[in-house]
Amino acid sequence: MSTETPLELKKTINLPKTNFGQKANLGQMEPARLKKWTEMNLYGMIRRAREGAPLFILHDGPPYANADIHIGTALNKILKDFVVKSRTMLGFDAPYVPGYDCHGLPIELYVDKKLGAKKANMPAVSIRRACREHAADALKRQTRDFQRLGILGLWENPYLTMSNSYEAETARLFGRFIERGYVYKGARPVYWCIHDQTALAEAEVEYREHTSPSVYVKFPFSGDPAQIDEALAGRKVFFLIWTTTPWTLPANLGIAVNPNFEYAAIDNGDEVYIVAIELATDVMRKCGIGKVFPQAFDPPNDAGVVHSVLARFPGSKLDRLECRHAWLDRPSLLMLGEHVTLGGEADAETELDVKEARDKKATGKAGTGLVHTAPGHGHDDFVIGKQYGLEIYCPVDNAGRFTPDVEYFAGEGVFEANPKIVEFMRERGVLLFSENYEHRYPHCWRCKNPVIFRATPQWFIAMDSAATKEASQPELDEDGRVRSNYTENFTDSEVGVSLREAALHEIERVEWIPAWGFDRMRNMLKGRPDWCVSRQRVWGVPIPAFYCNACNEAVADKGIVNHVADIFEKESADAWYAKDARDLLPENFKCPKCGGEEFSKETDILDVWFDSGSSWAATWKEYFAEKFGEWQQADVYMEGGDQYRGWFNSSLMVSLAAHDRAPYKAVVTHGWTVDAQGKAMHKSLGNAVAPEEVIKESGAEILRLWCASTDYHEDMRVAPEILQRITDGYRKLRNTARFALGNLHGFEPARDSVAEDEMLEIDRWALAELDEVVALVRAAYKAYEFHAVFHRLYNFCTVALSARYFDIIKDRLYTFAPRNIARRSAQTVLYKIADALARLLAPVLVFTADEIWENLPQVGGGDEAPSSVHLATFPESTNVQDMELRTRWALLFRLRDEVLAKLEEARAAKVIGSSLEAKVRIRPSALVRKTLEKYKDDLRYIFIVSQVELREWMDEPEVHSLIFEDIQVERAEGEKCERCWNYSVHVGESERYPAVCERCVEALREIEEGAAA
RNA sequence: CGCGGUGUAGCUCAAUCAGGCUAGAGCAUUCGCUUGAUAAGCGAACGAUGAAAGGUUCAACUCCUUCCACCGCGACCA
């Protein structure tokens, strides 16, 4: 025994000590750590560390390189980072190549605005340069912001849809579509300014007041009226249409009716008129038809106009019947379309402002329920016309004049022709009524003239025409089956399948998360029309097609496309604009049709969705092909739900054309960020939460934790209160880690670890809890259930650790001799907990987990441990938890809850303050007595009281239903030990340490011996 | 208007798929304890007519129907 003076009690307490601060100071810590990661090339280290491990690729959907990132963009990227980091820690080689969508209208418009009037005289190459600069600038800022979020990836070399290699690959992929026979050139209506003689994008039109002639016109039915209804047999039947653009009537090829509406045949003497029954009264009144009858007919009306209804029938009955054009010698086909409404707003392509039309609907209905359809002059008309196989007929030239084949009006400008057509119809007796109609009509934003809808030639990718058979080797799927098995529904195996069929088949093999994504995708695919890939713009990948100057033949085949692509590869797609056609074509190329040698270039560019849809094929080639060989599917795509019709869709198309497979094995969608009320966020509403502000005020870590806290499958609310909760949660996690780290001061795992079978039982209980958490969290990461990760870990920290385990072991950690095996036992567990927490939290709390990692005493003096937690793997779960042990402890903790409640009562009654001032008497039931007896000496520590006494029941049979009964709390016996604060009747028995209890006397002896040794 | 999704305490989540004790946690709030995790820790209390209305059933948060709200996509919407 030491002869020195007694130790100063306070100094013999092992208080926590760590450099891991209570305050995170994320604002400074995060950038500092990012810098460190950059300097050590952490991402490169991870790649090397996982070299040869199973590959797992999350393919990044490219954000649009226009504006700065918003909270939704941040969410998307953070969720992706969770995936990449967690797969990495699950042992996969999970490279992350970010990308940016650089082409497209929004950038071009932005540049237009910036260039102003200058643009008109600028060559395309210069405009493209300006666009390129803008995109480069935006993506640079976005990259900086993404990196700030703690996202690791190949930031120094992201894929850019405007890079030479990408543009070249995009062109080649378009060549694949051509090669397989999916591409055709057709016409489609677009906004057209007849003054500027150019197509306009939607964003380039503005709505202004305009007066149009509103006309009701009758089209004679050319079939047998009895087909419609017996009552009409032998009558002269006419279908009434309404339009505000009489000039489109020469292009009329059909009449659309709604299959669900009821139509009426109305008697007007010699003639019978067909209109929607609901509109019949209004139409008849307008046209001055009908007589005043005393009897009420159906439907009765309020204006005293009564007409007789000869028959009524659903629109569906009219399908594919035929009328004659009102004055031209050609048929007008009756078609069924859901777009037909009773408001009249679908009646004309001119009725572009639906809201306006609906307002009108409220005051006075227009239209007849039969829609004049000119496929060359309206969007719906076009769609339904395609569906019914009508020609996309547009007899109007660039200047808005009728072409020579238009009888009576050839050469007339359409707006000038309007009154003439009205007059013409009146003379012919086909016009029932006309009036002036005030409405909002689209005008060119540049020249302010009214625009028209006009079909112009466009490139399409066919959804329904079968692909031509490939000459190449049949592709095998993972089961070794010939891929063309998806043609099994076709008897002739030489016939390929259409893109739509292939897509519908392929999506069944994709894992959709959530599962309803499959239905969603299927609906999208079923309904989507042919893909119009033409854009009349300059900022994009040019459609690599040529036109023979001699015979006007469009020339586009794989060979030519690849030749052009090779040029793009070297010089970027700017070459299309910088070079002449002959320099873009192979030498001595001649028109396959006429042998002509002079060609002009296609001026359309590809839809940007084609660009981004090409991303996986392009990135595989550029980033992975060399190392991993043959193309393979990406493991997962992860985007917002808006991408079903967007990127998921276009990527599927491109991948099917290129590889006959979906580009993804799994598709995960996330919801949208909404405000506290669940409302969508809009800058204009002022309810948007800016990521940079969250970062500035709270740190990226908080934003990341928010992403992990909420179930992203649904809409995710962000608001100050929510972020505050998250910040509190962060503190809790941090403090939990800090407690563990602080109590590991002086603990060297290799030297001081205690084997599990030598541990105290509660320590083994804690390990069992940890083991379960590890298993659950690993599973949650695998299933992309990040909110489950967060809630499991968080609950583990608060309930199992902070409220129970840590609270209980404090006594042991603080008051036992540092090297006492019981203390080492607890420390061993704390070490494992801290280690596991760091690893399990790492994908979410990228910075903090790494900080925990650094403050962890490392096995073997730290040499073996990776220099960052992000190089480590998740802890393994043994999954062989001692269930009996856990059951026993579940019981003990239940008893503890009851004791705590009793302590609270005693506290309220001022019997005790601190729980250590208490002594607890328990009379256990027969059910639990045995268990409690076993833990007799441990109960005081479990309850954190000074004494526990177990007592017998007098009359046990009566209380078999009770588990615990009669818990009594009284003041602890003896004096408070100055060192451990427990009460003991033995305080004062030591001469050397008179203020101390028997446990502390022993601890102090150990400490003094240790010091002497 | 069409397609899809979601509604459980003030907040974030469980249990819902295969209906079954008194709908569970944590946070927040209030109160108390502690002052050896201390701009921390522990406990207790309070807090949900399960969006609403019907229906099926012995039994419904769970299944069915309707409706409302919100979100996304598509619509001749911005």
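Sequence lines set the chain letters: A, B, ... in the order given, protein chains first and strands last, and positions in each chain run from 1.
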Enquirer: Rounded to the nearest Å, what distance is computed from the CD1 atom of residue A/Ile808 to the P atom of nucleotide B/G43?
Expert: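 Taking atom P of B/G43 as the reference, CD1 of A/Ile808 is at 10 Å.
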
Enquirer: Would you give the length of the straight line joining atom CH2 of A/Trp242 to atom NE2 of A/His372, rounded to the nearest 0.5 angstrom?
Expert: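 Between A/Trp242 CH2 and A/His372 NE2, I get 11.5 Å after rounding to 0.5 Å.
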
Enquirer: Would you call the rings of A/Tyr794 and A/Phe790 parallel, tilted or perpendicular if under 30° counts as parallel and over 60° as perpendicular?
Expert: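 Judged by the thresholds at 30° and 60°, the geometry between A/Tyr794 and A/Phe790 is parallel.
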
Enquirer: What is the ring orientation for A/His443 with A/His210, classed by angle as parallel under 30°, tilted 30 to 60°, or perpendicular over 60°?
Expert: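 The rings of A/His443 and A/His210 stand perpendicular, inter-plane angle above 60°.
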
Enquirer: Using the P atom as the point on both nucleotides, what is the distance between B/C67 and B/C27, in whole Å?
Expert: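 About 42 Å, rounded to a whole number of Å.
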
Enquirer: Within 45° of the ring axis of A/Tyr983 and under 6.0 Å from its six-membered ring centre, is that where the NZ or CZ of A/Arg971 lies?
Expert: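 Yes.
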
Enquirer: What's the gap between B/A28 and B/G43 when it is taken at their P atoms, as a whole Å value?
Expert: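 Rounded to whole Å, the distance is 13 Å.
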
Enquirer: Check every atom of B/G4, B/C33, B/A25 against the side chain of A/Trp516 and return the nucleotide holding the closest atom.
Expert: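 My answer, after comparing the listed nucleotides, is B/G4.
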
Enquirer: Could you write nucleotides 34-40 of chain B as a row of B, S and -, 5' to 3', where a protein heavy atom under 4.0 Å of any base atom gives B, of only sugar-phosphate atoms gives S, and otherwise -?
Expert: SSBBSSS

Enquirer: Please compare A/Asn795 and A/Ile912 by the position of their nearest nucleotide in RNA chain B and report the one closer to 5'.
Expert: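 Its nearest nucleotide lies further toward 5', so the answer is A/Asn795.
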
Enquirer: Determine the Euclidean distance between corresponding C1' atoms of B/G10 and B/G47; express it in Å to zero decimal places.
Expert: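 Rounded to whole Å, the distance is 9 Å.
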
Enquirer: Under a 3.5 Å limit for both distances, which nucleotide forms a Watson-Crick or G-U wobble pair with B/U62, could you say?
Expert: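 In the structure as shown, B/U62 has no Watson-Crick or wobble partner.
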
Enquirer: Figure out the CG/P separation between A/Leu109 and B/A78, and round it to whole Å.
Expert: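 It works out to 17 Å between those atoms.
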
Enquirer: Could you tell me the separation between the OH atom of A/Tyr730 and the P atom of B/C27, rounded to a whole number of Å?
Expert: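 Going from OH in A/Tyr730 over to P in B/C27 covers 18 Å.
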
Enquirer: Could you work out the separation of B/G50 and B/C63 based on their C1' atoms and round it to a whole Å?
Expert: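 Nearest-Å result for B/G50 against B/C63 at atom C1': 16 Å.
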
Enquirer: Using atom P of each nucleotide, how far apart are B/G36 and B/U29 to the nearest Å?
Expert: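 Comparing P positions in B/G36 and B/U29 gives a spacing of 24 Å.
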
Enquirer: Separation of A/Gln643 atom CD from B/C3 atom C1', in whole Å?
Expert: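 Computing the A/Gln643:CD to B/C3:C1' distance gives 17 Å.
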
Enquirer: Classify the nucleic acid contact of A/Arg645 as base, sugar-phosphate or nothing, counting any heavy atom under 4.0 Å across all strands shown.
Expert: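 Sugar-phosphate contact only.
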
Enquirer: For the residue pair A/Trp647 and A/Tyr637, does the interplanar ring angle fall in the parallel (under 30°), tilted (30 to 60°) or perpendicular (over 60°) class?
Expert: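 A/Trp647 and A/Tyr637: parallel rings.
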
Enquirer: Under 3.5 Å for both donor-acceptor distances, Watson-Crick or wobble: does B/A25 have a partner, and if so which one?
Expert: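 Its partner is B/U12.
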
Enquirer: Contact class for A/Tyr794 (heavy atom, under 4.0 Å): base, sugar-phosphate, or nothing?
Expert: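 Result for A/Tyr794 = sugar-phosphate.
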
Enquirer: In whole angstrom, what separates A/Leu733's CG from B/C27's P?
Expert: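 My rounded result for the distance is 12 Å.
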
Enquirer: If you round to the nearest 0.5 Å, how far is CE of A/Met716 from OG of A/Ser709?
Expert: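 Rounded to the nearest 0.5 Å, the OG-CE separation comes to 6.5 Å.
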
Enquirer: Please give, in whole Å, the distance from B/U29 C1' to A/Asp728 CG?
Expert: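 My rounded result for the distance is 13 Å.
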
Enquirer: Could you encode protein contacts along nucleotides 9-16 of chain B as a string, one character per nucleotide from 5' to 3', using B for base contact, S for sugar-phosphate-only contact and - for no contact, with a heavy-atom cut-off of under 4.0 Å?
Expert: -BSBSS--

Enquirer: I need the CG-P distance between A/Leu75 and B/G72, as an integer number of Å.
Expert: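 It is 14 Å, rounded to the nearest whole Å.
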
Enquirer: Does B/U30 have a Watson-Crick or wobble mate here (both distances under 3.5 Å), and if so which one?
Expert: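 Checking every strand shown, B/U30 finds its partner in B/A44, with both distances under 3.5 Å.
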
Enquirer: Yes or no on salt bridge (Lys or Arg N to Asp or Glu O under 4.0 Å) for A/Arg823 and A/Asp811, after CA distance, side-chain angles and deciding distance?
Expert: CA-CA 9 Å; A/Arg823 183 165 181 272; A/Asp811 177 80; over 6 Å; no

Enquirer: Does the structure show a Watson-Crick or G-U wobble partner for B/C3, both distances under 3.5 Å? Name it, or say none.
Expert: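 B/G72 is the nucleotide pairing with B/C3.
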
Enquirer: Could you check whether A/Arg894 pairs with A/Asp897 (Lys NZ or Arg NE/NH1/NH2 to Asp/Glu carboxylate O, under 4.0 Å)?
Expert: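 No salt bridge links A/Arg894 with A/Asp897.
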
Enquirer: Does the plane of the ring in A/Tyr644 sit parallel, tilted or perpendicular to the ring in A/Trp516? Use 30° and 60° as the thresholds.
Expert: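 Correct class here is tilted.
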
Enquirer: Checking base pairs now: Watson-Crick or wobble, both atom distances under 3.5 Å. What partners B/U35?
Expert: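 Across any shown strand, B/U35 pairs with none.
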
Enquirer: Quote, to the nearest angstrom, the P distance that separates B/G7 from B/C17.
Expert: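 About 14 Å, rounded to a whole number of Å.
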
Enquirer: Should the ring pair A/Phe739 and A/Tyr814 be called parallel, tilted or perpendicular, given that the plane angle runs from 0 to 90° and is split at 30 and 60?
Expert: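 The rings of A/Phe739 and A/Tyr814 sit tilted, inter-plane angle from 30° to 60°.
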
Enquirer: Would you call A/Arg725-A/Glu721 a salt bridge at under 4.0 Å N-O?
Expert: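 Yes, charged N to carboxylate O under 4.0 Å.
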
Enquirer: Taking atom C1' of B/C42 as reference, at what distance in whole Å does atom CD1 of A/Ile809 sit?
Expert: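 Those two atoms, CD1 and C1', are 15 Å apart.
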
Enquirer: Scan every strand shown for a Watson-Crick or G-U wobble partner of B/U49, both distances under 3.5 Å, and answer none if you come up empty.
Expert: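 Because no pair has both required distances under 3.5 Å, B/U49 counts as unpaired.
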
Enquirer: Between B/A23 and B/A14, how far apart are the C1' atoms? Round to whole Å, please.
Expert: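 It comes out at 10 Å once rounded to the nearest Å.
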
Enquirer: C1' atom, B/U49 versus B/G32: distance in rounded Å?
Expert: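 That atom pair is separated by 32 Å.
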
